[in-house]
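For reference, the structure discussed in these notes is given below.
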Amino acid sequence: MTNEEIKEYITAHAPEAIFDETGEWLNIAVESNHLKPLAAVLHGQPMQMDYLFCLTCVDYKTHLTMVYHLTSSTNRNINIVLKANVDRADPVIETVCDIWRTAEMLEREVFEMFGVEFLHHPDLRKLILEEDFKGYPLRKDFEDPINMIKL
Amino acid sequence: MYNQTEIIKDTTNLGPEGELVVNMGPQHPATHGVLHLVVTLNGETIKKIEPHLGYIHRSIEKMCESLTYRQFIYVTSRMDYLSSHINNTACALLVEKGMQIEVPERAKVVRTILNELTRIASHELWIGAMAMDLGAFTPFFYAFREREMITDIMEETCGARLTMNYIVPGGLMYDIHPDFQTKVKAFVKQFKEKVTEYEDLVTGNVIFQSRTKGVGVLTAEDAISYGCSGPVARASGVSCDIRKIAPYDAYDRVEFDEIVETAGDSFARYIVRVKEMNQSIHIIEQLIDNIPEGDFVGKTKNVLKLAKGEFYQRVETARGELGVYIVSEGGTTPYRIKFRSPGFSNLSVLDHIAKGSKIGDLMATMGTLDLVIPDIDR
């Protein structure tokens, strides 16, 4: 599948998707409430994006962006980057861990590091940090005067 | 952390279904690091495994946000300390890709040789440690005999035995030691003679086979869904070698096989790693006599600045696919960096494959996943 075909296919399912081809891989940005349906479409036939190899979040100070790196186990040369902006004050997005099981732990990490709440996640609690840890360390405005992370 | 799971202190009063919760770790000899598993048992059968991470969390991703593109490589050696060369390579490749730095051929070839030596050293340590977890003590000494030769080669060329920091953006930090080629050839010769000893000692061992065959079976679908990579996924029949998918450095000009097994059990994961070591030797043999003359580092600016944009670089470490994702705002430091560590995804599958088996088999299952805890916690 070429990028043009992928774009055509995605536009048919998510007309509002914004494409960006400046980077190495095709970037697709959608609204946060459209992400889950599009993820399910990508996972199914004929795209078969069944391998989620990176799930993370970026803090752009005005908003947070969820970033999903997808590829297909049958054709590892197709790589897609799926993005969705979430509100910084009240970050909520639907979980994708019923589509890709690996997302369960990766979303827990994003939850504690950025404070993004994943709806319908089976076990959303802290993974790496202590239970009573306050704040979201990977956000840009996080400051901890005692345990300084910044060098 | 402890209030997340109810820990039964009084064993005379068990749960409603006779469940017993056992803490394995953080200080457990078989976890080889500080991994805390809360295991829920029914008799001897595992009902649930919950990993509790963070005992060696250093927030490397946040640290890197205030380190320049020359400095952040040193931190990555401390992630997966058994694959430090390969971690460094990933970061160097990403900076080179972002800045379009031309890397000399000599550096590319030396990097490939060092990466493969690292892979062998990592697998050697794994064989020794895993056999020891399963009760065989001797393989540890056999494996460390060869591993010692590699660490000596590393020490001579890189000045360190574990956290090398030798690969920098543009090429290598120094030229290789004059004895490098002779030493590597001596190692290759010794390894080829001695590798059959592992086969005799471990592979054909009845106790070892009965403890690993059919234990911790991972299907190909689950391996894909859980994002497994490296020998863990390849033992389940998933072809996922980044060296073949997206060749970097000198991997496009060497000939080697991607080892894929289909059984998916602990024994298959063992076989994949042993065969991979032979393939690594095969790669080294092709390159060691053909190290091109010339510069060992390309021309770089004093201050490295990545263009505005997003970059992603994948490499194959001894454990699987390491991804480095950088969001750059055009400055001298990354705006956001994410390390996709292979151990993290491989650990997430542990609960799924160990459920229903006996607690004694957990050692074999966990051992063959080859977890390095600093790589998981970052």
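Residue numbering restarts at 1 for every chain, and letters A, B, ... go by the order of the sequence lines.
- Residues from residues 77-93 of chain A that place a non-hydrogen atom less than 4.5 Å from a non-hydrogen atom of chain B comprise Asn77(A), Asn79(A), Lys83(A), given in numerical order.
- Between Tyr325(B) and His69(A), the angle of the ring planes goes over 60°, which puts this pair in the perpendicular group of the 30/60° scheme.
- Taking CZ of Phe344(B) as the reference point, atom CD of Glu109(A) lies at 4.5 Å (rounded to 0.5 Å).
- Put simply, the side chain of Leu53(B) reaches to within 4.5 Å of the side chain of Met105(A), judged on heavy atoms.
- The most heavy-atom pairs under 4.5 Å with chain A, out of Lys338(B), His57(B), Gln71(B), come from Lys338(B).
- More than 12 non-hydrogen atoms from other residues, nucleotides or ligands lie less than 6.0 angstrom from CD of Glu16(A).
- Between Ser345(B) and Phe53(A), the closest side-chain pair of non-hydrogen atoms is not below 4.5 Å.
- Both the backbone and the side chain of Tyr226(B) come within less than 4.5 Å of a heavy atom in chain A.
- Heavy atoms only, all atoms of each residue included: Tyr312(B) and Glu24(A) are closest at O-OE1, 3.4 Å.
- In this structure, Arg76(A) and Arg314(B) have side chains that are in contact, with non-hydrogen atoms separated by less than 4.5 Å.
- Contact detail for Pro137(A) and Lys62(B): the closest heavy-atom pair is O-NZ, 3.0 Å.
- The CG atom of Asp20(A) sits 8.0 Å away from atom CD of Glu310(B), with the distance rounded to the nearest 0.5 Å.
- In this structure, Cys228(B) SG and Tyr51(A) OH are separated by 7.0 Å, a value rounded to the nearest 0.5 Å.
- For Cys64(B), no part lies under 4.5 angstrom from a heavy atom of chain A.
- Chosen from Asp123(A), Thr102(A), Thr22(A), the residue pairing most often with chain B at heavy-atom distances under 4.5 Å is Thr102(A).
- Interface remark: of the candidates Ile99(A), Thr71(A), Leu52(A), Leu106(A), Leu106(A) forms the most heavy-atom pairs closer than 4.5 Å to chain B.
- Note that CG of Asp98(A) and OG of Ser225(B) are 10.0 Å apart. Values are rounded to the nearest 0.5 Å.
- For Lys305(B), the NZ atom is loosely surrounded, since the number of other residues' heavy atoms within 6.0 Å does not exceed 12.
- To the nearest 0.5 Å, atoms SG (Cys54(A)) and CD (Glu321(B)) are separated by 9.0 Å.
- The interface of residues 55-65 of chain A with chain B, defined by heavy-atom distances below 4.5 Å, comprises Leu55(A), Thr56(A), Cys57(A), Val58(A), Asp59(A), Tyr60(A), Lys61(A).
- Options His352(B), Lys97(B), Glu221(B) differ in how many heavy-atom pairs under 4.5 Å they form with chain A, and the most are formed by Lys97(B).
- When heavy atoms are compared at a cutoff of 4.5 Å, His43(A) does not approach chain B at all.
- Rounded to the nearest 0.5 Å, atoms OG (Ser59(B)) and CG (Leu138(A)) are 5.0 Å apart.
- Heavy atoms of Glu104(A) lying under 4.5 Å from chain B are absent altogether.
- Proximity of Glu65(B) to Lys140(A): side-chain heavy atoms (C-beta onward) are separated by under 4.5 Å at one or more points.
- The environment of Glu8(A) atom CD is sparse: at most 12 non-hydrogen atoms of other residues, nucleotides or ligands sit within 6.0 angstrom.
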